[in-house]
Amino acid sequence: MITTSLSLGRIMRLAVLSLGALIFFAPYIFMISTAGKAQSEIFSSSLSLIPQQWSYIENFSKALSRVSMWTLLMNGVIVCALIFVVQVVVAIPCAYAMAKLKFRAARTMMVLVMIGLLVPIHATALPLYVAFDRLSVLNSYLALVAPFSISVFAIFLFLQFFRAIPDDLIQAARLDGMSEGGIVARVIVPNAWPAITAFAIFSVVAHWNDLFWPLIVVTNQDYATPPLGLLYFRAAEAGDDYGALMAATLIITLPLVTAFLLAQKRFVEGITMTGLKG
């Protein structure tokens, strides 16, 4: 009876999880389906997910030819990589100091970090835009990266992770003659890869999909990020060609989906160990 009950419970959990996964994956399924349909079929009364006339080659050809898709993807990679690297380089020493070093301003810094989590980029967009305009750095990677170089969320995430690292490990490193910088580089960072991987997913997804800030500081298509490139794609030539638009969207979202699937195990492990699980 117990075995049967456990089996039924497990089946129910799998059924609920499968239903939830299907619901969340449904828009992506619809996008894949639309990317393979001709324009006339998209606006027909039929709701079939399988295209009657396969137009994947035509739609993807339009997506790759009407805008410089490779430039958009490369800009996305450069901007996300620069933001992530700078955020980690800044956040890890800050989080280590707050978690393991004793100083008077520690509580004040924690309060500032919590306040920083409440301030959105929209609140600082205008003064940042004016400053970048006066410095003549609009339409550049600097304008895209600089406002996000300090991430209070990263500091908070790493702070929770570093608090779980045994103090004895750090004391042993100090007895071996390591400086605080050496401890961060040779003890903290090698043990923090789960948290770094988890934060990488948050950071890359947020900035790869960001349209608000690039729309403000970029008018030159050479520096357009993927979401901004989709706007150029539709406005310039695609119009209401939703098949080509969905094909372009698939090309842009595929790197994120692939990266998450490859880093899924590390991501779950990092979230669990940092104490951010629900």
Inset, instruction - Indicate whether any N or O donor in one side chain lies under 3.5 Å from an N or O acceptor in the other, for Asn139 and Thr219. - result: yes
Could you tell me the separation between the [atom1] atom of [X] and the [atom2] atom of [Y], rounded to the nearest 0.5 Å?
X      : Y      : atom1 : atom2 : result
Leu228 : Ile216 : CG    : CD1   : 11.0 Å
Met69  : Met74  : CE    : CE    : 14.0 Å
Phe25  : Met31  : CZ    : CE    : 8.5 Å
Gln221 : Asn75  : CD    : CG    : 11.0 Å
Lys100 : Gln171 : NZ    : CD    : 10.0 Å
Asn209 : Leu256 : CG    : CG    : 5.5 Å

For the student: nearest non-hydrogen atoms of [X] and [Y], plus distance:
X      : Y      : answer
Ala99  : Arg163 : CB-CG, 4.1 Å
Ile121 : Pro147 : CD1-CB, 4.3 Å
Ile196 : Ile92  : CD1-CD1, 3.9 Å
Gly76  : Pro226 : CA-CD, 3.7 Å

If two hydrophobic side chains count as joined below 4.5 Å and joins carry through other members, does [X] share a cluster with [Y]?
X      : Y      : result
Ile115 : Ile150 : no
Trp70  : Phe60  : yes
Ile32  : Phe24  : no
Phe153 : Leu112 : no

Is a side-chain donor or acceptor of [X] paired with a backbone partner of [Y] at a separation under 3.5 angstrom?
X      : Y      : value
Ser203 : Phe199 : no
Thr258 : Pro255 : no
Glu41  : Gln52  : yes
Ser55  : Glu58  : no
Asn191 : Val187 : yes

Inset, instruction - Run the numbers on Arg174 and Glu180 for side-chain contact (heavy atoms from CB on, under 4.5 Å), then give the verdict. - result: CA-CA 8 Å; Arg174 288 172 181 159; Glu180 296 300 330; 3.0 Å; yes
Inset, instruction - Determine, stepwise, if the pair Tyr56 / Leu250 fulfils side-chain contact (heavy atoms from CB on, under 4.5 Å). - result: CA-CA 11 Å; Tyr56 283 105; Leu250 273 176; 5.6 Å; no
Inset, instruction - Name the orientation class of the two ring planes belonging to Phe158 and Phe162 (parallel below 30°, tilted from 30 to 60°, perpendicular beyond 60°). - result: parallel
Inset, instruction - Could you label the plane-to-plane angle of the Tyr223 and Tyr141 rings as parallel, tilted or perpendicular, counting under 30° as parallel and over 60° as perpendicular? - result: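 Plane angle over 60°, so perpendicular.
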Legend entry - Test side-chain contact (heavy atoms from CB on, under 4.5 Å) applied to Leu215 and Leu231, step by step: CA-CA 10 Å; Leu215 189 61; Leu231 285 185; 4.0 Å; yes
Inset, instruction - Look at atom CG of Leu175 and say whether more than 12 heavy atoms of other residues, nucleotides or ligands are closer to it than 6.0 Å. - result: yes
Legend entry - Residues forming a side-chain hydrogen bond (donor to acceptor under 3.5 Å, both in side chains) with Ser33, sequence neighbours excluded: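 Partners of Ser33 under the side-chain hydrogen bond (donor to acceptor under 3.5 Å, both in side chains) test: none.
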Inset, instruction - List the steps and the verdict of side-chain contact (heavy atoms from CB on, under 4.5 Å) for Trp213 and Val218. - result: CA-CA 8 Å; Trp213 185 245; Val218 172; over 6 Å; no
